[in-house]
Protein chains: 2
Amino acid sequence: MKSRATKTKTAKRRIEGPARRAQILRVAGDMFSKDGIDATSMRRIAAKAGVTATLLYKHFADKDALLSAIGDAFFEKLNADLEQTSIKGLKDPVARLRALMHAYVRCGIANPREYHLTFMTALPQLRRDAKMKNFRERMRRGEAIPAEEITLGMMCFARLEQAVADVVDAKLTRVKDVAALAEAVWAGGHGLVSLIITHRDFGFTNVDRLIEISTDLFLHGALKD
Amino acid sequence: MKSRATKTKTAKRRIEGPARRAQILRVAGDMFSKDGIDATSMRRIAAKAGVTATLLYKHFADKDALLSAIGDAFFEKLNADLEQTSIKGLKDPVARLRALMHAYVRCGIANPREYHLTFMTALPQLRRDAKMKNFRERMRRGEAIPAEEITLGMMCFARLEQAVADVVDAKLTRVKDVAALAEAVWAGGHGLVSLIITHRDFGFTNVDRLIEISTDLFLHGALKD
DNA sequence: CCATCGAGGTGAACACTGTCAACTTAGTTG
DNA sequence: CAACTAAGTTGACAGTGTTCACCTCGATGG
């Protein structure tokens, strides 16, 4: 009873920690995706959250940590989108891979700032890539990986790799190296997204058609005959 | 004689304008590509150039302008690299396109900071993309474009588009839309470069092989049969 | 019931940043 | 020599990320 009472009563503070944190994340996410990363200062985020800048540092080590937390939210979105396409239950592995590429590209284009933050900005102190590398090495060695070590980024890439593996397993591809092929497919999708979101005024002949042609090129290029 | 004297004597000032400008560009380029864009402040650039920060603003409107000037230098490099591959005089249009893609990717990987600055950072006030769009529209309409309006970026893209056109003209491709195909090829190369330079720790199975596979996928995907 | 503790929150400061108006300096020219 | 102009500096403004010392107040153990 004591511990239960503790928990319920602690919840009655002013605003509970997690709620504040969530509020800050919401506000920061809004401002950041409206005004951009540089134009959104810690002080302005704090002001909009009705709080002092100092408080932000009780919830996030620094600005990068705050932004990276927003990045995590994007991974959530991306992972959900990719999961959606798996749920559709397309039987043809090639159609599945195509659907996955489309989902990736559309999600990136729909959330340009977040995409830029997570995939086009190097935040080495997060060690996201290093963890990814470790994850992939252990996967290759067939090790079992504890659920709590699996990040959303890993989930996303694993989905892609699985889709690629399915196509390879069906003996439909020229190249058989699943890992390398998955990387190539990612590079293809990433190229599309990053080009389109950073060069909005370039005057691409037709973005939808470009996406279509590009994914087609990739898939056709990967397949036999 | 008067005007000649003016010019020669003016050269004896302290340091002539253009020389200072070049020096600043050199110093800034060095610092920027060693320490990164944010860690390189105007004051530190100035200090290293043995000058006050204020003076930088007599040569460049603001920091973005300075960085964009450095970007221009990268376009020079890129354009030279692409030209080199044309000079090689490969007869097979497919081999030519492949060589061009390789040159692009290698140049990007060899100059990651500059690549990031020019292709992965949106500097709308430069209107580079808008000019590009205008250029391409006029090209499509068959207009002649005055040499002084042609930027190095345009040259680069035109080289790519030409290489693609050669392949299309040889009736080797499935898709015949040169513009869209060129955009897709660019997206492919760009995806490779940007992924590799931002995610150095991702643990790509083998970068050289990835480039090989990726370009192959693209080319094979574009060709008939 | 009261001292204490810790989480939520603040104010003021530090060392920076990009930028600019006002000023000095020094070389050229009529 | 006087006037002009390009090269360069001083000193400030407003804003940045971040931190330290401090306060407040509800919950808790004695």
Side-chain angles (χ1 to χ4, degrees), chain A residues 1-25 27-28 31-32 35-70 117 121 123 125-126, chain B residues 1-25 27-28 31-32 35-70 117 121 123 125-126:
Chain A
M1 200 193 104
K2 204 164 72 179
S3 70
R4 239 183 99 204
T6 304
K7 276 187 181 172
T8 23
K9 285 205 174 173
T10 307
K12 281 192 66 190
R13 286 279 174 95
R14 310 169 202 189
I15 285 190
E16 326 138 61
R20 241 306 105 89
R21 198 189 139 94
Q23 183 212 10
I24 293 170
L25 271 175
V27 169
M31 295 182 70
F32 155 70
D35 306 333
I37 177 165
D38 280 350
T40 304
S41 75
M42 295 299 264
R43 281 175 173 85
R44 286 189 43 236
I45 294 171
K48 202 151 204 165
V51 110
T52 332
T54 314
L55 186 63
L56 303 193
Y57 290 87
K58 304 259 155 142
H59 291 277
F60 305 93
D62 52 23
K63 194 183 185 184
D64 279 357
L66 170 54
L67 292 180
S68 102
I70 293 171
L117 182 60
T121 310
L123 298 173
Q125 74 278 32
L126 293 182
Chain B
M1 202 191 104
K2 203 165 72 178
S3 68
R4 241 180 100 205
T6 304
K7 277 186 182 174
T8 23
K9 286 205 175 175
T10 306
K12 282 193 65 191
R13 287 279 177 95
R14 310 165 203 193
I15 286 191
E16 327 139 60
R20 244 301 109 89
R21 196 190 140 96
Q23 183 211 11
I24 292 170
L25 270 176
V27 169
M31 296 182 69
F32 155 70
D35 306 332
I37 177 165
D38 279 351
T40 305
S41 73
M42 295 298 265
R43 280 174 173 87
R44 286 189 45 234
I45 294 170
K48 201 150 204 165
V51 109
T52 332
T54 315
L55 185 63
L56 303 193
Y57 290 88
K58 304 259 156 138
H59 291 276
F60 305 93
D62 51 23
K63 194 183 185 184
D64 278 356
L66 170 54
L67 291 179
S68 103
I70 293 172
L117 183 59
T121 309
L123 298 172
Q125 75 278 31
L126 292 182

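Proteins come first, then strands; the chains are lettered A, B, ... in the order of their sequence lines, and each starts at number 1.
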Q: Above 12 or not: heavy atoms from other molecules or residues under 6.0 Å from NZ of B:Lys63?
A: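 Yes, NZ of B:Lys63 has more than 12 neighbouring heavy atoms, counting only those of other groups under 6.0 Å.
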Q: I need the CD1-P distance between A:Ile45 and D:dT16, as an integer number of Å.
A: 10 Å
Q: For C:dG9, take OP1 and OP2 only and decide whether either is under 4.0 Å from a side-chain N or O of A:Arg20.
A: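 Indeed, a polar side-chain atom of A:Arg20 lies that close.
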Q: Do B:Phe60 and B:Ile24 pass the side-chain contact (heavy atoms from CB on, under 4.5 Å) test, and can you show the C-alpha distance, the side-chain angles, and the key distance before you say yes or no?
A: CA-CA 10 Å; B:Phe60 305 93; B:Ile24 292 170; 3.8 Å; yes
Q: Please check the phosphate of D:dG17 (OP1 and OP2 only) for any side-chain N or O of A:Lys63 closer than 4.0 Å.
A: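 Yes, because at least one side-chain N or O of A:Lys63 sits under 4.0 Å from OP1 or OP2 of D:dG17.
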Q: Quick one: A:Phe32 CZ to D:dT16 C1', roughly how many Å, whole number?
A: 18 Å
Q: Kindly say whether, by distance alone, the side chain of B:Thr52 makes a donor-acceptor pair under 3.5 Å with the base of D:dT10?
A: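 Answer is no: no donor-acceptor pair is held.
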Q: What is the distance, to the nearest angstrom, from the CG atom on B:Leu56 to the C1' atom on C:dT19?
A: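 Rounded to the whole Å, the gap is 11 Å.
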Q: Ignoring backbone atoms, establish whether B:Ser41 has a side-chain N or O less than 4.0 Å from OP1 or OP2 of C:dT17.
A: yes
Q: Mind checking whether B:Met42 and B:Leu66 have side chains closer than 4.5 Å, heavy atoms only?
A: yes
Q: Is a donor-acceptor contact shorter than 3.5 angstrom present between the side chain of A:Arg43 and the base of D:dT18?
A: yes
Q: Measuring from atom CD of B:Gln23 to atom CG of B:Leu25, what distance do you get when rounded to the nearest 0.5 angstrom?
A: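 Those atoms lie 10.0 Å apart.
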Q: Check the distance between C:dC16's P and A:Asp38's CG and give it to me in whole angstrom.
A: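 These atoms are roughly 20 Å apart.
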Q: Rounded to the Å, how far apart are B:Arg21 CZ and D:dG8 C1'?
A: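 Taking atom C1' of D:dG8 as the reference, CZ of B:Arg21 is at 18 Å.
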Q: What distance do A:Arg20 atom CZ and A:His59 atom NE2 have between them, rounded to the nearest 0.5 Å?
A: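 Separation between the atoms: 7.0 Å.
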Q: Send over the distance from B:Ile24 CD1 to D:dG8 P, rounded to a whole Å.
A: 8 Å
Q: Nearest whole angstrom, please: distance from the P of D:dT18 to the CE of A:Met42.
A: 6 Å
Q: Would you mind reading off the distance between A:Leu55 atom CG and D:dC20 atom P, rounded to a whole angstrom?
A: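 Rounded to the whole Å, the gap is 16 Å.
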Q: By nearest heavy atom, map B:Lys58 and A:Tyr57 onto DNA chain D; which one lands nearer the 5' end?
A: B:Lys58
